[in-house]
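Data first, discussion second: the structure below is written as structure tokens.
Here is how names work: the chains are called A, B, and so on, in the same order as the sequence lines, proteins then strands, and each is numbered from 1. Quick caveat, the model's predicted, so the values are computed rather than measured.
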Amino acid sequence: MLDIKLIRDSADWVRQRLASRHGGDEAKVGEVLSHDTRRRELITQVESLKAQKNKVSKEIGALMAQGKSEEADAKKEETRSIGDQISELDRQAQAAEQARNDLLMQLPNVPQETVPEGETEQENVLVRSWGNPPSFDFHPQAHIELCEALGLVDFARARKLAGSGFLLYRGWGARLERALGQFMVDLHTEEHGYSEISPPVLVNRDVMTGVGQFPKFSDQVYAVQEGEDPETLGRLFLIPTAEAPVANLHRDEILKAGDLPLNYCAQTPCFRAEAGAAGVGTRGMIRVHQFDKVELIKVVEPEQSAQALETMVREAETVLQRLGLTYRVLELCTGDIGFASAKTYDIEVWAPGQGQFLEVSSCSNCESFQARRMNLRYKSQGNSNRYPHVLNGSGTALARLYVALLETYQQSDGSVTIPEALASYLKADCLTPPS
RNA sequence: GGAGAGAUGGCUGAGUGGUCGAAAGCGGCGGUUUGCUAAACCGUUGUAGGGCUAAAAUCCCUACCGAGGGUUCGAAUCCCUCUCUCUCCGCCA
């Protein structure tokens, strides 16, 4: 969430930055401020009453000790009536605070000033490209046909088990997914200095709130319950990304300055309910309810976060470079960056069978937005507590990478060659259709 | 599912109605000593909110001893509810 002090001191700037997202949230700033002002007025009153009451209570204690119970009784009357005023004003102050905080939790992060202004993904800015789209002397097939011909993914049976939007990898197909994941995790842990995490894939409400998934986007995740007991529904949720558990790893902690930067890497399944998006171009592996993703998380000092984001994007790009896949990096415009993010780069890989780029990574600097929600702090040099900056990035999503890999390396005879970096993990350098 | 124990400051751990924001130890920070490190000694050290302020503070006030209620002039301490953790048993991968 945003710092209330920032809103108090720079309301117009915050309004302007929020307006650049084209989400209409700038209208809430005034509302936040009025609740905030009311809260402060009430608190001032309540606290002076409390101070008065505490003072008299101490006097009562002293009088009792001296055995002057009549004088003490008189003072007791006095504090009783103060107590009534306190509870009424306290109630109002809490209501104002609640209203303020509810609104604050719904405000998205403010985009950095250098983020390109724009309303939709059309205005995202191309930062750089790598590689050239492969050319084919035959008509390249889409991944669905390749997967079926090679027996890698059984779409029909996945549908039978869980419905549309689920995948069932089998044989070499399963092995290829596993190899891809392992290749990426090894790359990030062995070469990029990340430490590996294997977190719970069910998390509680606080964790979801911490990363900004809740309260606004609760309809995009799966909520679970225990058995048939509806009482337990909504205590745990399937993670939409490892960002949720891993970024929250140190929630409610005060880290030492020396602990930073933290670099975590986790491969987990990700579950997306995609409410409202059902049936929209969902055939195949590009948009599914469950997929694996290798996620990168950095927790850094505020001064380091801009550089850390650049580093993280390069680390994600390395995956694609090692695999020899063509990609481009975009900087998202103000209207397209995520709720918690202040700046985001997307990496899109070229999928020849689709004739389009697919988003396989999104790297975001959330600055202190999530740390504040998670109550994650660190002790800085001057011994004061500060909110660190939290970054997350995919490094990368498995299913779409799978698509690009198959479509890029398909051969005229229906086989798919495997790039060198992956071959040692797969223990094969070519996938051929079963005879 | 059954039985029991517990939740106190960065950590360990005292504290059963009136200067308790809380003993002590550890850790952290500052200093003395020291060729350097270590040790020793001295001092210091919670968080959040509000006020004051141009801003800030080693200024004033308030709250916080798992959470939420209650009793009382006054609660870490008494009462109720909830949550969580740990141990044992059962079931289970």
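Salt bridge status for A:Arg80 with A:Asp84: absent, with no side-chain N to carboxylate O gap under 4.0 Å. A salt bridge is absent between A:Lys256 and A:Asp259; no separation between the charged side-chain nitrogens and carboxylate oxygens falls under 4.0 Å. Using a cut-off of 4.0 Å between Lys/Arg side-chain N and Asp/Glu carboxylate O, A:Lys50 and A:Glu47 are scored as not salt-bridged. The pair A:Glu243-A:Lys293 does not meet the salt-bridge criterion, since no charged nitrogen lies less than 4.0 angstrom from a carboxylate oxygen. For A:Glu31 and A:Lys28, the salt-bridge test fails: no basic side-chain N is under 4.0 Å from an acidic carboxylate O.
In this model, a donor atom of one side chain and an acceptor atom of the other lie less than 3.5 Å apart for A:Ser364 and A:Thr344. Side chains of A:Tyr425 and A:Asp186: a donor on one and an acceptor on the other come within 3.5 Å. Judged purely by distance below 3.5 Å, without hydrogens or angles, the side chains of A:Asp12 and A:Gln16 never pair a donor atom with an acceptor atom.
Here the C1' atom of nucleotide B:A48 and the CZ atom of A:Arg39 are 10 Å apart, to the nearest Å. The nearest whole Å value for the distance from the CG atom in A:Asp206 to the P atom in B:C84 is 12 Å. For the pair A:Arg386 CZ and B:G10 P, the computed distance is 20 Å after rounding to whole Å. Between the CZ atom of A:Arg100 and the P atom of B:A48 there is a distance of 14 Å, given to the nearest Å. Look at CG on A:Asp3: it is 12 Å from P on B:A48, rounded to the nearest Å. For the pair A:Glu59 CD and B:U19 P, the interatomic distance rounds to 15 Å; values are reported in whole Å. Across the protein-nucleic acid pair, A:Asp252 atom CG and B:C11 atom P stand 12 Å apart, rounded to whole Å. One interatomic measurement links the two molecules: CZ of A:Arg372 to P of B:A48, which rounds to 12 Å at whole-angstrom precision.
For A:Arg8, the CZ atom counts as densely surrounded, since its 6.0 Å shell holds more than 12 non-hydrogen atoms of other residues, nucleotides or ligands. Summarising the local packing, CD of A:Glu70 is surrounded by 12 or fewer heavy atoms from other residues, nucleotides or ligands at distances under 6.0 Å. Within 6.0 Å of CD in A:Glu310 there are more than 12 heavy atoms belonging to other residues, nucleotides or ligands. In this structure, A:Lys58 places its NZ atom where only 12 or fewer heavy-atom neighbours from other residues, nucleotides or ligands lie under 6.0 Å away.
Look at the P atom in both B:U77 and B:G18: the space between them is 12 Å, to the nearest Å. If you take atom C1' in B:A22 and the same atom in B:G9, they sit 9 Å apart, rounded to whole Å. Taking atom C1' in both B:U45 and B:C52, one finds a spacing of 25 Å when rounded to whole Å. For the P atoms, the distance from B:U34 to B:U44 is 24 Å, rounded to whole Å. Taking the P atom of each, B:C80 and B:A5 are spaced 15 Å apart, rounded to whole Å. Taking atom C1' on both nucleotides, B:U58 is separated from B:G43 by 14 Å, rounded to a whole Å. Taking atom P in both B:U72 and B:C79, one finds a spacing of 16 Å when rounded to whole Å. Comparing the C1' positions of B:U87 and B:G25 gives a spacing of 27 Å, expressed to the nearest Å.
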Taking N or O atoms only and anything under 3.5 Å, show me the protein contacts with nucleotides 51-62 of chain B, one pair per line.
{"unit_1": "B:U62", "atom_1": "OP1", "unit_2": "A:Asn54", "atom_2": "ND2", "d": "3.2"}

Show the distances under 3.5 angstrom between N or O atoms of the protein and N or O atoms of nucleotides 69-74 of chain B.
{"unit_1": "B:C73", "atom_1": "OP1", "unit_2": "A:Arg80", "atom_2": "NH1", "d": "2.7"}
{"unit_1": "B:C73", "atom_1": "OP2", "unit_2": "A:Arg80", "atom_2": "NH1", "d": "3.0"}
{"unit_1": "B:C73", "atom_1": "O4'", "unit_2": "A:Thr79", "atom_2": "OG1", "d": "3.4"}
{"unit_1": "B:C73", "atom_1": "O2'", "unit_2": "A:Ser57", "atom_2": "OG", "d": "2.9"}
{"unit_1": "B:C73", "atom_1": "O2'", "unit_2": "A:Thr79", "atom_2": "OG1", "d": "3.1"}
{"unit_1": "B:G74", "atom_1": "OP1", "unit_2": "A:Lys53", "atom_2": "NZ", "d": "3.4"}

Distances under 3.5 Å between nitrogen or oxygen atoms of protein and nucleotides 43-47 of chain B:
{"unit_1": "B:U47", "atom_1": "OP1", "unit_2": "A:Lys379", "atom_2": "NZ", "d": "3.3"}
{"unit_1": "B:U47", "atom_1": "O3'", "unit_2": "A:Arg377", "atom_2": "NH1", "d": "3.1"}

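The two residues A:Ala351 and A:Leu358 come nearest to each other via the heavy atoms CB-CD1, 3.8 Å.
Considering only residues two or more places apart in sequence or on other chains, A:Tyr378 meets the ring-ring contact (aromatic ring centres under 6.0 Å, His included) condition with none of them. For A:Glu145, the salt bridge (charged side-chain N to carboxylate O under 4.0 Å, His left out) partners at least two apart in sequence or on another chain are A:Arg283.
For RNA chain B, if you chain together Watson-Crick or G-U pairs that step i with j, i+1 with j-1 and so on, the runs of at least three with distances under 3.5 Å are B:1-7 with B:83-89, B:10-12 with B:24-26, B:27-32 with B:40-45, B:46-51 with B:59-64, B:66-70 with B:78-82.
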